[in-house]
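No hydrogens, no waters, no symmetry mates; every other heavy atom, side chains included, goes into these values. All values reported here derive from a predicted model rather than from experimental measurement.
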Amino acid sequence: EPEVTQTPSHQVTQMGQEVILRCVPISNHLYFYWYRQILGQKVEFLVSFYNNEISEKSEIFDDQFSVERPDGSNFTLKIRSTKLEDSAMYFCASSTGLAVIGSEQFFGPGTRLTVL
Amino acid sequence: AQSVTQPDIHITVSEGASLELRCNYSYGATPYLFWYVQSPGQGLQLLLKYFSGDTLVQGIKGFEAEFKRSQSSFNLRKPSVHWSDAAEYFCAVGRTDSWGKLQFGAGTQVVVTP
């Protein structure tokens, strides 16, 4: 069964460093998403991406964040200068269509980011 | 503002007993509603979803949920839990005016005892 994969499973970085979290969505999916979950808090939407551009982003997704689909298979989230409060589990998801037409978002296992 | 509330942070249930997880939402229009499950080390897996039509929705793993517009609720149920149902369960809401953004509740941790 096809699945969303994410690498690495755990990333430790120093405050101020750049990190890139990688995701390989399901191959025929067209919509891509990043969510995060700070320990003990809700899963929060960060950004959605379609047709090589951001279609929606949350207030969390500021100038320190960027997303890219560098090739036909990967979808990345970059944090330019990490802060302590960026420590969280980051989930990638993908779907064939939008939720409004009944499409399911398939989630990856997550990358745990720890900023020291 | 739109919100999703899961009142129970933690539920302990005996194997074979029934389970009900509560979810309440606040949203001006009829939302799209989802239940996801997360097992340790795993991603979020969709259990079921409601978009329209029959308010009782059947999902995978023997779960069902009922949409009650008057109560703004979408509670998840299972008649007889198995030890493998121990996990964290998330209710989520999707908006009709969104590019797929899901808003999640805080989650309910389910522990199954022998």
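- Atom CZ of residue A:F91 and atom OH of residue B:Y36 lie 12.0 Å apart, to the nearest 0.5 angstrom.
- Counting heavy atoms of neighbouring residues, nucleotides and ligands inside a 6.0 Å radius, atom CD of A:E59 does not exceed 12 of them.
- Residues A:E104 and B:F34 form no side-chain contact, since every pair of their non-hydrogen atoms from C-beta on lies 4.5 Å or further apart.
- A 6.0 Å sphere centred on CD1 of B:I60 holds more than 12 heavy atoms belonging to other residues, nucleotides or ligands.
- For a residue to count as touching a neighbouring chain, one of its non-hydrogen atoms must lie under 4.5 Å from one of that chain's; by this rule B:Q38 touches chain A with the side chain only.
- To the nearest 0.5 Å, atom CG of residue B:L102 and atom OH of residue A:Y33 are 7.5 Å apart.
- By the 6.0 Å contact criterion, CG on A:L39 is open, its count of non-hydrogen atoms from other residues, nucleotides or ligands being 12 or less.
- At a 4.5 Å heavy-atom cutoff, A:F106 makes no contact with chain B through either its backbone or its side chain.
- Heavy atoms of A:E44 lying under 4.5 Å from chain B are absent altogether.
- Dense packing is recorded around NZ of A:K42, with more than 12 heavy atoms of other residues, nucleotides or ligands lying under 6.0 Å away.
- Within 6.0 Å of CZ in A:R22 there are 12 or fewer heavy atoms belonging to other residues, nucleotides or ligands.
- Within a 6.0 Å radius of CG in A:D63, other residues, nucleotides and ligands contribute 12 heavy atoms or fewer.
- Distance OG/A:S103 to NZ/B:K49: 6.5 Å, rounded to 0.5 Å.
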